[in-house]
Amino acid sequence: MDAKVPSGWLASFRTLGSPVTSIHLEAGATQEVSVELSASPYSKPGKYAIPVTAISPVDTLRLNLEAVLKGAYKMELTTPSGRLSENVTEGSLEQIVCTIKNTGTLPLTNVELSAQTPPKWQVTFEPAKVERIDPSGSIDVTAKVHVPDKTIAGDYVSTFTAKTQNANADAAFRITVKTSLLSGWLGILVILLAIGLIFRLIRKYGRR
C-alpha cells in the first residue's frame with residue numbers, strides 16, 4: 001500500500017489499531033484499512049489530492065482521496081525586544097516581560113506557561129494562562145523570577161515554555177546573577193576585620 005502525499009507530509013496505514021505496510025486477505029474476505037495523514041506545518045490551508053494505491057501480484061487498486069487542510073498551529077515565545085538575557089541580583093525579584101506570538105493560521109486557546117529553573121528558584125507568570133490568541137496576534141505576559149539569597153554569582157539558564165494541546169514553544173533565558181551591594185560590603189568588612197585581627201596579633205605577640 002502506498003499514498004502519494006505533498007512534500008513534508010507523512011502517511012501511514014492502520015488496521016485493527018496497528019500500523020501496517022501490507023495485509024493478507026483470503027479469497028472473498030474484506031479488511032478495513034485506515035489512512036493517517038500528518039500535514040507539514042508549513043502547508044497552506046486548502047484542498048490536497050492524496051492518491052492511494054494497493055498493489056497485489058494479480059491486481060492494482062487506486063483510490064483518489066482529498067484532504068482538506070484548515071490551517072496550522074504554530075507559536076513563538078520571545079520578548080518585546082527579542083533579547084533573551086537578563087541581569088538580576090541575588091535575593092531579588094525580577095520581572096521579565098515575555099511575548100507569545102501566534103505564527104500559525106488557527107487560533108491558539110488555553111495557552112499555559114511554565115518554567116524550568118535552577119534549584120530553589122521560583123517563577124510565576126501573570127497571567128498564568130491565556131485564553132485565546134488569534135492568528136498573527138500576540139500577547140505579553142510577565143514572568144516574576146525570584147532568585148534565592150546567597151545564590152552564587154554567575155550565569156544561569158532558565159527555560160520558559162508556552163503550550164497548548166496543539167502547539168508549544170520554548171525560550172531559553174540566560175540570567176546573570178550579581179551579588180547584592182550589601183553582601184559585597186559585608187564581604188569587604190569581614191576581610192578588613194580579619195586583616196585588622198592579624199595585624200593586632202602580630203603587634204601583640206611579635207614583640208615577645
Sidechain-backbone polar pair: Thr53 side chain, Arg62 backbone, donor-acceptor under 3.5 Å: no
Stepwise side chain to side chain contact (heavy atoms under 4.5 Å, CB included) check, Val52 with Met1: CA-CA 7 Å; Val52 178; Met1 293 177 289; 5.8 Å; no
Flag, side chain of Asn102 to backbone of Asp134, donor-acceptor distance under 3.5 Å: yes
From CA spacing to verdict: side chain to side chain contact (heavy atoms under 4.5 Å, CB included), Val111, Met75: CA-CA 10 Å; Val111 183; Met75 63 194 307; 3.8 Å; yes
ILVMFWY network linking Leu10 to Tyr73, side-chain heavy atoms under 4.5 angstrom: no
Ring geometry between Tyr156 and Trp121 (parallel below 30°, tilted from 30 to 60°, perpendicular above 60°): tilted
Transitive ILVMFWY side-chain link Leu16 to Val33, under 4.5 Å: no
Distance in Å, Gln122 CD paired with Lys120 NZ, rounded so as to fall on 0.5 Å steps: 11.5 Å
Heavy-atom closest pair, residues Phe160 and Leu77: O-CD2, 3.4 Å
Smallest separation among heavy atoms of Glu90 and Lys150, with atom names: OE1-N, 2.8 Å
Ser40 versus Ser7, closest heavy-atom pair with distance: CB-O, 4.2 Å
More than 12 heavy atoms from other groups under 6.0 Å of CD on Glu32: no
Hydrophobic cluster identity match, Val97 and Ile133, side-chain contacts under 4.5 Å: no
Minimum heavy-atom distance between Ala143 and Cys98, given as atom pair plus value: CB-SG, 4.3 Å
Nearest-0.5 Å distance that lies between atom CG in Leu113 and atom NZ in Lys129: 11.0 Å
Residues Ile96, Val145; criterion side chain to side chain contact (heavy atoms under 4.5 Å, CB included); working and verdict: CA-CA 8 Å; Ile96 301 176; Val145 183; 4.0 Å; yes
Shared hydrophobic cluster, Ile55 / Ile50 (ILVMFWY, side-chain heavy atoms < 4.5 Å): no
Leu61 atom CG: more than 12 heavy-atom contacts under 6.0 Å: yes
Derivation of the side chain to side chain contact (heavy atoms under 4.5 Å, CB included) call for Glu131 and Asn110: CA-CA 5 Å; Glu131 296 297 331; Asn110 298 324; 3.3 Å; yes
Donor-acceptor pair, side chain of Ser92 and main chain of Glu94, under 3.5 angstrom: no
From CG (Asp140) to NZ (Lys101), nearest 0.5 Å: 10.0 Å
Worked verdict on Thr161 versus Asp170 for side chain to side chain donor-acceptor pair (under 3.5 Å): CA-CA 5 Å; Thr161 300; Asp170 296 326; 2.7 Å; yes
Interatomic spacing from CD in Gln31 to CD in Glu26 - rounded to 0.5 Å: 12.0 Å
Ser34 side chain to Arg14 backbone, donor-acceptor under 3.5 Å: yes
Exam field: side chain Ser38 to backbone Trp9, donor-acceptor pair closer than 3.5 Å: no
Exercise: identify the closest heavy-atom pair between Thr109 and Thr164: O-CG2, 3.5 Å
Greater than 12 external heavy atoms within 6.0 Å of Gln165's CD: no
Interatomic spacing from OG in Ser158 to CD in Gln116 - rounded to 0.5 Å: 9.5 Å
Taking every non-hydrogen atom, the tightest pair across Ala72 and Thr105: N-OG1, 2.7 Å
Atom pair CG (Asn87) and CZ (Arg174), whose distance is rounded to the nearest 0.5 Å: 7.5 Å
Connected via hydrophobic side-chain network under 4.5 Å: Leu69 and Leu65: yes
